[in-house]
Amino acid sequence: MSTNTISKETEIKLLNFFNVRIDPVEMAKTLRQVNFTMALCVLSEHETFQTEIIKIRDSFYWVNELAETLNPYLEVE
């Protein structure tokens with residue numbers, strides 16, 4: 001995995017988005033619901049090639065990571 005840095009302008013825009021426009025907890029909940037629904041639909045209704053399954057698995061992981069960043073739900077004991 002490579003690490004990319006974001007510009008200060010992008011960081012400010014992201015902070016503004018999550019602090020003013022949307023509640024991080026609601027965004028995390030929505031991301032989890034959409035992520036689950038998309039993965040379930042693709043894997044259950046379509047014959048999927050192995051390469052696509054890997055892409056879907058990776059995408060599912062990264063969307064969940066974003067949701068965890070916004071609201072650490074899975075880490076709560």
Measuring from T69:OG1 to M27:CE, what's the distance to the nearest 0.5 Å? 12.0 Å
When rounded to the nearest 0.5 Å, the distance separating CG of L14 from CD of E9 is 11.0 Å
Looking only at heavy atoms, the pair that brings A28 and A67 closest together is CB-O, 3.4 Å
Can you tell me how far the CD atom of E65 sits from the CG atom of N35, to the nearest 0.5 Å? 11.0 Å
